[in-house]
Number of protein chains: 4
Amino acid sequence: MDNFYAPGRNHLFVPGPVNIPEPVIRAMNRNNEDYRSPAVPAMTKTLLEDVKKIFKTTTGTPFLIPTTGTGAWESALTNTLSPGDRIVSFLIGQFSLLWIDQQKRLNFNVDVVESDWGQGANLDILASKLAADAAHTIKAICIVHNETATGVTNNLVKVRKLLDQYGHPALLLVDGVSSICALDFRMDEWGVDVALTGSQKALSLPTGMGIVCAGPKALEASKTAKSVRVFFDWNDYLKFYKLGTYWPYTPSIQLLYGLRAALDLVFEEGLENVIARHTRLGTATRLAVEAWGLKNCTQSEEWYSDTVTAVLVPPYIDSSEIVRRAWKRYNLSLGLGLNKVAGKVFRIGHLGNLNELQLLGCLAGVEMILKDVGYPIKLGSGVAAASAYLQNNIPLIPSRL
Amino acid sequence: MDNFYAPGRNHLFVPGPVNIPEPVIRAMNRNNEDYRSPAVPAMTKTLLEDVKKIFKTTTGTPFLIPTTGTGAWESALTNTLSPGDRIVSFLIGQFSLLWIDQQKRLNFNVDVVESDWGQGANLDILASKLAADAAHTIKAICIVHNETATGVTNNLVKVRKLLDQYGHPALLLVDGVSSICALDFRMDEWGVDVALTGSQKALSLPTGMGIVCAGPKALEASKTAKSVRVFFDWNDYLKFYKLGTYWPYTPSIQLLYGLRAALDLVFEEGLENVIARHTRLGTATRLAVEAWGLKNCTQSEEWYSDTVTAVLVPPYIDSSEIVRRAWKRYNLSLGLGLNKVAGKVFRIGHLGNLNELQLLGCLAGVEMILKDVGYPIKLGSGVAAASAYLQNNIPLIPSRL
Amino acid sequence: MDNFYAPGRNHLFVPGPVNIPEPVIRAMNRNNEDYRSPAVPAMTKTLLEDVKKIFKTTTGTPFLIPTTGTGAWESALTNTLSPGDRIVSFLIGQFSLLWIDQQKRLNFNVDVVESDWGQGANLDILASKLAADAAHTIKAICIVHNETATGVTNNLVKVRKLLDQYGHPALLLVDGVSSICALDFRMDEWGVDVALTGSQKALSLPTGMGIVCAGPKALEASKTAKSVRVFFDWNDYLKFYKLGTYWPYTPSIQLLYGLRAALDLVFEEGLENVIARHTRLGTATRLAVEAWGLKNCTQSEEWYSDTVTAVLVPPYIDSSEIVRRAWKRYNLSLGLGLNKVAGKVFRIGHLGNLNELQLLGCLAGVEMILKDVGYPIKLGSGVAAASAYLQNNIPLIPSRL
Amino acid sequence: MDNFYAPGRNHLFVPGPVNIPEPVIRAMNRNNEDYRSPAVPAMTKTLLEDVKKIFKTTTGTPFLIPTTGTGAWESALTNTLSPGDRIVSFLIGQFSLLWIDQQKRLNFNVDVVESDWGQGANLDILASKLAADAAHTIKAICIVHNETATGVTNNLVKVRKLLDQYGHPALLLVDGVSSICALDFRMDEWGVDVALTGSQKALSLPTGMGIVCAGPKALEASKTAKSVRVFFDWNDYLKFYKLGTYWPYTPSIQLLYGLRAALDLVFEEGLENVIARHTRLGTATRLAVEAWGLKNCTQSEEWYSDTVTAVLVPPYIDSSEIVRRAWKRYNLSLGLGLNKVAGKVFRIGHLGNLNELQLLGCLAGVEMILKDVGYPIKLGSGVAAASAYLQNNIPLIPSRL
């Protein structure tokens with residue numbers, strides 16, 4: 001069944017799905033169970049409590065939906081908005097583009113605020129739109145915290161400040177797919193009304209669970225939102241939450257146990273340490289890129305992403321060839337450039353349950369591939385730059401002191 | 001993490017999620033992979049071809065959606081129908097009720113044809129509706145092949161004959177959640193336009209994949225259907241099918257490998273042998289129920305289900321107590337009575353990767369529980385009746401001849 | 001790789017290797033580790049402490065040897081005895097016979113005390129040998145606690161009493177392969193000098209770990225024992241125990257984690273409850289055999305085994321055909337009759353991580369097979385007899401109260 | 001149970017136990033089975049045939065013994081030799097030392113030929129011993145193909161030539177624990193009489209299977225060898241080989257399926273490609289060591305090992321601190337210096353199912369550790385040297401062309 005077998009580990013550096021740690025693989029290695037027995041609700045109750053911690057919310061209500069990030073988007077939108085509602089949405093890369101496409105197809109009235117791919121959300125335009133909207137026709141601001149296609153992290157604090165500055169009541173809906181549980185994210189403090197992620201990203205699980213967290217204002221909005229929804233309807237969940245059985249339809253038993261194990265690992269490491277580790281991995285990657293003489297797709301330091309780095313290649317190189325070669329020769333999985341940046345960037349995902357030596361193996365591989373495709377690289381240069389930083393910054397492993 | 005530990009195997013006899021065979025658990029015991037590498041499309045291609053065999057279709061187009069049966073329902077409806085469309089739907093138990101609830105909330109105009117819980121779909125009323133609908137205002141017939149709440153299997157051949165008899169062009173949408181890959185189901189021969197199932201039922205996988213198969217008429221309908229949909233939109237899949245990359249969003253790598261293994265097991269056993277095995281298990285269960293002096297919730301033999309048996313208990317017994325006791329004393333998971341039949345029936349699921357001795361262990365357990373709750377049962381009587389039949393009918397295991 | 005595939009679970013009722021519980025399979029589902037890191041010694045230390053509890057010893061020293069029961073035997077003998085030493089050994093079935101064969105090949109001088117297969121050790125002869133041995137030429141008594149081939153449990157209390165009565169210093173070496181962690185066994189209280197078991201028996205692990213526990217007198221004897229040994233030499237272990245690194249050669253990382261999980265399950269259930277469960281399963285099996293009108297190979301109640309039942313078949317039936325048929329038609333694995341009782345008995349192993357409904361499924365299967373081979377059985381009779389007892393005696397599952 | 005948890009993969013670079021590939025972990029993720037059913041002998045038969053291929057023998061007889069390398073040694077010696085037999089054995093490091101210790105304790109008369117640790121076997125002395133032994137008092141030459149403690153590969157071709165040159169009939173017993181299935185090894189061509197390895201080395205399985213292969217001359221010798229043996233007696237195996245049941249005692253079902261999967265992977269990659277991959281990994285490692293300005297413990301190129309590199313550290317550094325630090329800070333497992341070279345070398349194991357990027361990650365880690373402990377290393381230098389070689393020599397992955 002492994003028709004593409006290669007010796008040794010696959011080096012998985014796409015920005016999702018990411019590497020699953022062994023304890024999580026183990027936890028999921030199990031038969032099905034009756035989800036109506038007392039065991040599954042008891043576990044679900046603790047999961048719902050604990051998952052709030054990775055959103056940094058105490059007031060939010062989480063939903064663990066058997067779906068993907070795309071479904072989680074749909075859940076966020078249809079539960080809080082009505083057809084025709086005006087929303088402001090930022091187009092800065094392929095994933096924000098796809099979300100906007102969904103927003104339009106769900107019949108919202110979308111003000112698309114576009115930036116160059118490689119830049120963050122244009123908050124000046126947001127400011128002017130908010131300023132001009134004394135009538136509060138804007139019902140929601142939709143923003144991707146971390147654009148996975150370009151490695152751009154938006155500044156949510158600024159978005160919140162603008163909303164507050166203009167006293168604007170628009171909901172703040174945040175795609176945290178490639179940020180939550182890896183980047184600093186604070187749902188309550190930043191006044192995020194809906195935040196969402198997917199199991200296969202920083203939580204390092206298989207795909208299949210869309211995790212959506214709704215703040216009180218969003219829950220209130222869901223009572224009057226007129227978008228048609230059934231599968232994604234929060235209300236069906238809330239009904240079963242009240243009953244204490246929790247599930248309007250069958251959950252994946254394996255993903256529940258997997259989430260339990262994944263959260264346990266996060267808490268054992270400490271969420272702040274997890275975030276610091278991502279900062280280290282992101283920084284090291286950027287130092288390598290710089291040492292190689294290549295440019296980061298992200299155009300300014302303020303937007304640097306600690307979960308994914310999109311690397312621009314010179315015009316005479318097709319970045320897809322780099323990705324193909326990585327897989328065909330080095331058993332290394334890199335991210336393709338998508339849409340506008342297809343052929344122009346390749347992406348290194350450095351999120352999830354990952355450590356520094358794994359990253360350095362990847363960077364060493366990228367160096368060889370760059371040489372393969374004719375880029376005049378000095379082998380070892382990126383690894384050297386990354387190592388110099390890491391050797392100064394890696395902490396001792398607490399459990400092994 | 002197993003807070004409800006009990007020695008030995010859990011005897012899982014709810015009608016889903018069902019027991020996962022070891023080869024499938026093994027196949028899923030793996031790290032994530034880049035779904036954009038050549039490996040995943042190559043596997044997906046064969047899965048899409050092979051999954052058609054369990055629907056018995058050559059003309060259908062399958063969709064492997066990261067969702068549950070509820071999502072598969074929504075996919076079937078929203079891709080083929082427009083708000084306000086008139087549909088005929090049969091209410092014969094909890095799952096048909098939930099589907100009808102979804103149909104209404106999706107703004108279809110539903111003619112609900114209700115039967116006593118325990119009876120099959122009232123096809124006389126269907127006949128009269130079709131007869132009266134010369135204008136073809138009925139756009140779809142929605143029917144659950146096997147109502148999991150009552151153990152009732154509807155006769156789809158008759159439904160097709162009625163449609164043909166009246167030359168009626170309504171789409172035939174079939175919930176095959178607890179039938180496909182266990183009961184005789186023939187999508188092409190019976191002119192089913194959309195059929196669907198869930199991974200955690202007869203395919204014996206974890207929950208998380210809704211499998212929807214659309215016939216040519218349904219695909220044609222999807223081009224004009226005006227129901228709002230994004231996550232569930234077949235068109236997004238078809239676009240990626242054409243590109244040969246297959247996935248509009250991230251699939252579960254584990255479920256893909258699991259499906260591969262599950263299909264391999266079905267084909268190794270032979271689909272007809274799988275169906276025959278379910279007939280044996282269903283028959284044996286019914287013989288045991290009869291021997292116990294209890295009644296089947298299913299009111300007539302024509303509707304007997306070979307995947308689930310709902311057993312009526314005497315009025316002085318609360319069937320929920322039977323289910324609770326099964327779990328608390330015997331590590332046996334039985335199905336609760338739902339809604340109208342809550343407290344009145346308990347359910348034995350006998351579908352999926354299951355054999356006769358597993359079932360006999362369950363039946364022996366049920367006998368002890370019945371005694372526990374005060375029913376005057378003769379211990380061994382059901383097992384004896386079931387064994388007498390099975391001993392005459394179990395074939396030798398082909399691989400072990 | 002599964003060339004003998006059959007649907008559903010394999011019903012594993014050989015008296016070892018036995019069913020591995022899911023939590024143990026999960027715990028073993030892992031990569032290798034450096035056994036010289038601090039992690040493995042730390043785990044080993046707790047394992048050595050905890051494993052003593054299942055031997056009921058505080059004074060014994062356990063060795064977790066990468067070998068089978070046969071190797072554990074060799075370890076017990078060669079570490080305590082010298083070539084030419086006189087030992088008394090009881091031949092009551094195939095496994096005691098094999099141990100005696102080993103004793104002879106290791107050049108001990110063996111007084112074989114033979115009984116009919118189906119009887120326990122002849123302790124009258126032991127008494128007379130001890131009485132006649134004022135010179136203490138007998139260096140050891142070797143006895144199988146539970147003879148797996150015939151389902152005979154010897155009375156170790158009586159053996160100890162005889163030794164005490166005659167003030168005889170012979171070592172007491174006990175094969176507890178199919179008893180320890182399932183039957184009542186008390187190393188310290190009964191003055192057992194060496195006791196041993198194998199991982200694949202009541203501990204419900206894979207094969208591969210021979211667990212030998214040496215009391216103080218045995219350890220003392222090992223200092224002067226002249227049998228040649230290297231791999232099995234306790235002294236090599238003791239050297240590394242002192243160093244705190246524990247392993248003279250590479251252990252199986254997976255079995256260590258597996259043992260950890262297996263012990264955790266035993267302690268969670270409670271060792272006394274584990275033993276009581278085996279009593280229930282053994283009693284239920286014997287009641288079924290009686291109801292079938294068949295005889296137990298064990299000739300007297302005093303020797304009944306709660307871990308394995310050898311069932312005598314009428315002369316016109318070949319018991320091997322029962323075992324073959326079980327596997328070929330019912331996916332049931334029963335134990336063959338071995339050596340003297342080949343063709344005459346089949347064996348039902350009821351040890352390890354097993355519950356009552358699993359056993360009842362097995363018994364129902366045996367009934368059908370008996371009918372298959374022409375025995376005039378009343379189907380359901382054994383299950384009825386077993387159930388009647390079990391329904392009165394199964395406790396509620398403590399974690400589910 | 002993971003008390004020493006650290007995020008990301010453990011980088012396992014001890015020279016055994018080595019990384020287990022995912023397909024092998026999957027294959028072993030299973031319940032026990034009756035080893036007396038037809039399934040296990042059928043699988044064993046193919047395993048015995050296929051395992052000969054990795055020894056490159058058609059005339060040898062393999063034994064899959066539930067033991068470790070130490071047990072495999074004992075099996076090789078006790079089956080072919082009698083107490084008092086004169087043997088020549090080469091002491092070149094810790095593992096040859098341990099084998100010699102075993103040889104002495106088994107009462108053979110051992111001519112120990114010692115070399116400096118870091119040198120290969122002194123074949124000049126062998127030559128003179130053979131020359132002087134016209135009476136053929138030397139019964140066996142015992143040699144470690146690859147000394148794991150120092151990274152020294154002996155030249156077996158030369159040993160065979162000497163034996164042939166002197167027409168000496170001594171048996172040639174080879175410890176191939178860290179060579180077979182990784183280095184070029186040719187049992188038949190080189191006239192090796194007994195060769196052995198352990199499952200946890202190049203085969204990349206868990207510990208627990210000692211694989212011993214006996215040539216015709218060795219089998220003949222076993223008929224008269226007087227060393228006492230039972231557990232390790234080949235004759236017990238041969239008896240069951242003839243019966244077609246194969247096992248004198250219970251094998252590990254999981255290791256059998258694991259071996260099946262491991263061999264399948266070797267054959268899929270191609271044994272020659274496996275060996276070439278080890279040459280690449282060994283060469284790359286040595287180039288890195290050279291670039292770091294450190295010395296290889298192996299004193300001459302002729303003995304370089306492609307499975308393990310022992311790196312000498314400057315006198316002011318304690319190599320144990322390097323190993324400790326690797327584990328405590330980088331989740332990297334390196335091999336300690338043992339015995340004479342304790343504190344002086346650390347070891348990088350580069351054998352088994354491993355690829356180039358994994359090794360480069362390890363090398364990058366070693367660089368940082370060297371800096372940690374005060375060695376004046378230029379970060380990236382070793383990775384650069386290794387990469388320069390690898391980038392020229394890594395082939396495309398055949399399955400992905």
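We name chains A, B, ... by the order of the sequence lines, and we start the count at 1 in each one.
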**Q.** Backbone of C:S96 reached by a side-chain donor or acceptor of C:D175 within 3.5 Å
**A.** no

Q) For chain D, which of C:P38, C:G349, C:S333 has the most heavy-atom pairs under 4.5 Å? A) C:P38

Q) Given a strict heavy-atom distance threshold of 4.5 Å, which part of C:L334 is in contact with chain D: side chain, backbone, both, or neither? A) backbone

Q.
So for D:E74, is it side chain, backbone, both, or neither that comes closer than 4.5 Å to the heavy atoms of chain C?
A. side chain

Q) So which part of C:P251 gets closer than 4.5 Å to some heavy atom of chain D, the side chain, the backbone, both or neither? A) backbone

Q.
Which atoms of D:L205 are under 4.5 Å from chain C, going by heavy atoms: the side chain, the backbone, both sets, or neither?
A. backbone

Q) What residue in C:D233, C:T67, C:I253 has the most heavy-atom pairs under 4.5 Å with chain D? A) C:T67

Q: Below 4.5 Å from any heavy atom of chain D, which atoms of C:L98 appear? Answer side chain, backbone, both or neither.
A: neither

**Q.** Part of C:R229 within contact of chain D (heavy atom distance under 4.5 Å)
**A.** backbone

**Q.** Portion of D:L256 that has a non-hydrogen atom of chain C nearer than 4.5 angstrom
**A.** neither

Q. Which answer fits D:N107, side chain, backbone, both or neither, if we ask what part of it has an atom under 4.5 Å from a heavy atom of chain C?
A. side chain

Q) Is there a donor-acceptor pair under 3.5 Å between the side chain of C:Q200 and the backbone N or O of C:G16? A) no

Q. Which heavy atom of C:T78 sits nearest a heavy atom of C:F232, and at what distance?
A. OG1-CB, 4.4 Å

Q | Step-by-step salt bridge (charged side-chain N to carboxylate O under 4.0 Å, His left out) determination, D:E49 to D:K45 | A | CA-CA 6 Å; D:E49 272 316 301; D:K45 194 180 175 190; over 6 Å; no

Q) Is the backbone N or O of D:G71 less than 3.5 Å from a side-chain atom of C:Y249, with the two atoms forming a donor-acceptor pair by type? A) no

(Q) Does any backbone or side-chain atom of C:N353 lie under 4.5 Å from a heavy atom of chain D? Answer side chain, backbone, both or neither. (A) neither

Q | From CA spacing to verdict: salt bridge (charged side-chain N to carboxylate O under 4.0 Å, His left out), D:K226, D:D85 | A | CA-CA 10 Å; D:K226 291 191 172 47; D:D85 275 358; over 6 Å; no

Q) Just by modelled atom types, is the D:A202 backbone N or O under 3.5 Å from a matching donor or acceptor in the D:S204 side chain? A) yes

Q. Highest number of heavy-atom pairs under 4.5 Å with chain C: which of D:D34, D:N32, D:V228?
A. D:N32

(Q) Counting heavy-atom pairs closer than 4.5 Å to chain C, which one of D:S37, D:P21, D:G69, D:A42 comes out on top? (A) D:S37

**Q.** Under 4.5 Å from a heavy atom of chain D, the part of C:Q254 involved
**A.** side chain

Q. Under 30°, 30 to 60°, or over 60°: which ring-plane class applies to D:Y237 and D:F63, parallel, tilted or perpendicular?
A. perpendicular

Q.
Under 4.5 Å from any heavy atom of chain C, what part of D:L12 do you find: side chain, backbone, both or neither?
A. side chain

Q.
Using a 6.0 Å distance limit plus a 45 degree cone around the ring axis, check whether D:R30 lies over the aromatic ring of D:Y257.
A. yes

Q. For D:V18, is it the side chain, the backbone, both or neither that has a heavy atom under 4.5 Å from a heavy atom of chain C?
A. backbone

Q. Do the two ring centres, one from D:F231 and one from C:W73, sit under 6.0 Å apart?
A. no

